[in-house]
Amino acid sequence: MKVAVIGTGYVGLVAGACFAEMGHQVTCVDKNAATVDKLRRGESPIFEPGIEKLIARNLVRKRLSFTLQAQDALAGADVAFICVGTPPRDRDGEPDLSLIYAVAKDIAHGMTGRLTVVVKSTVPVGTGDAVEQIICRTRRDVAVSVASNPEFLREGSAIDDFQHPDRIVIGVEDAQAEQALRGLYAPLTEDGVPLIVTRRRTSELIKHASNAFLATKIGFINEMADLCEKVDADVTELASAIGLDARIGAAFLKAGPGYGGSCFPKDTCALLHTAQEYGVPLRIVESTVAANNARKHRMALKVIEATGGSVDGLKIAVLGLTFKPNTDDMRESPAVPLIRHLQRAGASIAVFDPQGHRQAADQLSDVTFCAGPYEAAAGADAVVLMTEWDVIAALDLTRLRKAMRAPVMIDLRNIYPPEQVARAGFRLVGVGRPHRTDAPATADENVFELLRYRALPSGERGRGSHEELVK
Ligand code: UGA
């Protein structure tokens, strides 16, 4: 089939390259000349493992091309995908749909015959109706169907997610759109991938509900982690045990510093905005959003506590900046509020991330960007593990400790087994895990108890037991 894809961000580029790989004839459109030039050379403007290989292969096969002009892609197309961004308009979560509507107008002007227009961007329920109105008002001479086909791709594993999805969802209002989308996805559905066919509005809501549910699952396990810390239980064991119940499921039960990225924070707020518009309270999603925002700030307090109650004048190394591994995306990364908070509290910050430095530099100032983890840790009073990149999960812990001034590790992703960290001589603070290993308190640990005690304002010392004081 002949496919036009408008927008070459994460969604459009991955979808376009994967449709070409499936055998379709794909033309991707972007308004940015430098982006189109890069793509024509087989270079990706986004960091996504495997994407450049896929682009290069399909450029050679002449199944994938890139253009600045929507009408080039739309001429003779069977299906046109809208894959442009829908950033939040303001703090109340309402997404800015102006790019979607502008593309709808471009499509209306450029289409040459019957066309199925598919909104793949994440949009609030009812957006498909508005797109249909725009196109039908502009072009009464050509038949058009508007469908919804949300994506469920994760950054970092987007190609695999596209090629092996749990399900494909299409929201259609007529048989032509259903037929076109069934044809497009036939290579996947013939392999057994379930295809869910719904009305357009249900499909739009499925996407927001899906992300809100996953965000809530993370919010839940993070709160369990807080409780584990207080009652001396282990959240990683708790998550494995509850996750084995098929009704709960093991995925998305990793406690951490709070979810980030361009999707969960934005989509949960957009869903709340829709619910508010329709007068429906979504208290669970509201609490998830509030708890996640508060959590990101609380992580800095965890670091401050681990270093003895004050980071003023200390050097803190932060390993991992991106909101998750295998991406260069810094949007809503929990590393940003953490670093800013520590800086306000007087710490100097050295950081290392395999891909995130360029984007991080737009959001952070006065941090030292280092070429590797050991360089960042040199002379540091504590190291914070923020993102579970492979390279950060494979550190030589003894080398790391030796590079540092004080052996304090705050592992906000529970990357390392506590015993391994203790063996390397670190004092470890994790998330939802007992702070001590089974081993008796080491000399180091006792020193740290003392340091914490000393960091307390003098009026607080001597009140209650030592353990109560350092809580
Ligand atoms: C998310 C969804 O997982 C995709 O299905 C969806 O298509 C995408 O949003 C989107 O709407 O476009 P993504 O934002 O790329 O994908 O990343 P996730 O892997 O879902 O992680 C999101 C955040 O949750 C990250 O900060 C991650 O560290 C955090 N997380 C994830 C946890 O803290 N614990 C977990 O168990 C899982």
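Remember, it's 1-based here, ligands and their atoms both numbered in the order they're listed.
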Query raised in the report: Do ligand 1 and Phe264 have nitrogen or oxygen atoms that lie under 3.5 Å from each other?
Result: no
Query - Closest protein heavy atom (residue, atom, distance) for atom 12 (O) of ligand 1 - result: Glu151 OE2, 2.7 Å
Query raised in the report: What atoms of ligand 1 come closer than 4.0 angstrom to any heavy atom of Leu253?
Result: 36 (O)
**Report entry** Check: Ser333 side chain, Leu321 main-chain N or O, donor-acceptor pair, under 3.5 Å
**Finding:** yes
Query raised in the report: To the nearest 0.1 Å, how far is atom 5 (O) of ligand 1 from its closest protein heavy atom, and which atom is that?
Result: Phe152 O, 3.1 Å
Query raised in the report: Do the rings of Phe369 and His357 sit parallel, tilted or perpendicular, given the 30° and 60° boundaries?
Result: tilted
Report summary line: The closest protein heavy-atom partner of atom 14 (O) of ligand 1 is Phe323 CE1, 3.7 Å
Query raised in the report: Looking only at heavy atoms, is any part of Asp267 under 4.0 Å from ligand 1, and if so is it the side chain, the backbone, or both, or is it neither?
Result: side chain
Query raised in the report: For the rings on Phe426 and Tyr416, is their centre-to-centre separation under 6.0 Å?
Result: no
Report task. May I ask you to list the atoms of ligand 1 that are less than 4.0 angstrom from any heavy atom of Glu155? Result -> 15 (O)
Query raised in the report: Which of these, Lys266, Lys254, Arg154, has its nearest heavy atom closest to atom 36 (O) of ligand 1?
Result: Lys254
Query raised in the report: Quick one: which of Lys302, Glu229, Met409 gives a side-chain contact (heavy atoms from CB on, under 4.5 Å) with Val429?
Result: Lys302
Query raised in the report: atom 11 (O) of ligand 1: which of Lys207, Arg295, His208, Arg413 has the nearest heavy atom?
Result: Lys207
Requested in this report: For ligand 1, indicate whether the residue Asn211 contacts it via side chain, backbone, both or neither (heavy-atom separation under 4.0 Å).
Outcome: side chain
Query raised in the report: For the residue pair Phe264 and Tyr259, does the interplanar ring angle fall in the parallel (under 30°), tilted (30 to 60°) or perpendicular (over 60°) class?
Result: perpendicular
Query raised in the report: Is the closest N or O pair between Gly260 and ligand 1 shorter than 3.5 Å?
Result: yes
**Report entry** Heavy-atom neighbours of Lys105 NZ exceed 12 at 6.0 Å
**Finding:** no
Query raised in the report: How far does CG of Leu342 sit from CG of Leu301, to the nearest 0.5 angstrom?
Result: 9.0 Å
Query raised in the report: Could a heavy atom of Cys263 be found less than 4.0 Å from some atom of ligand 1?
Result: yes
Query raised in the report: Does a side-chain heavy-atom distance below 4.5 Å link Ser157 with Asn326?
Result: no
Requested in this report: With the side chain counted from C-beta on, respond yes when Trp389 and Leu319 share a heavy-atom pair under 4.5 Å apart, and no when they do not.
Outcome: no
**Report entry** Side chain, backbone, both or neither: the part of Lys217 lying under 4.0 Å from ligand 1 by heavy atom
**Finding:** neither
Requested in this report: Output yes when Asp30 and Lys38 qualify as a salt bridge under the 4.0 Å nitrogen-oxygen rule, no when they do not.
Outcome: no
Query raised in the report: What residue and atom, counting heavy atoms only, is the protein's closest point to atom 37 (C) of ligand 1, and at what distance?
Result: Phe252 CD2, 3.4 Å
**Report entry** Nitrogen or oxygen of Ile218 less than 3.5 angstrom from that of ligand 1
**Finding:** no
Query raised in the report: For atom 6 (C) of ligand 1, what is the nearest protein heavy atom, given as residue, atom name and distance?
Result: Leu153 O, 3.2 Å
**Report entry** Nearest option to atom 17 (O) of ligand 1, as decided by whichever heavy atom of Met386, Glu388, Lys324 sits closest
**Finding:** Lys324
**Report entry** Considering all heavy atoms, the nearest Phe162-Ala15 contact
**Finding:** CE1-CA, 3.7 Å
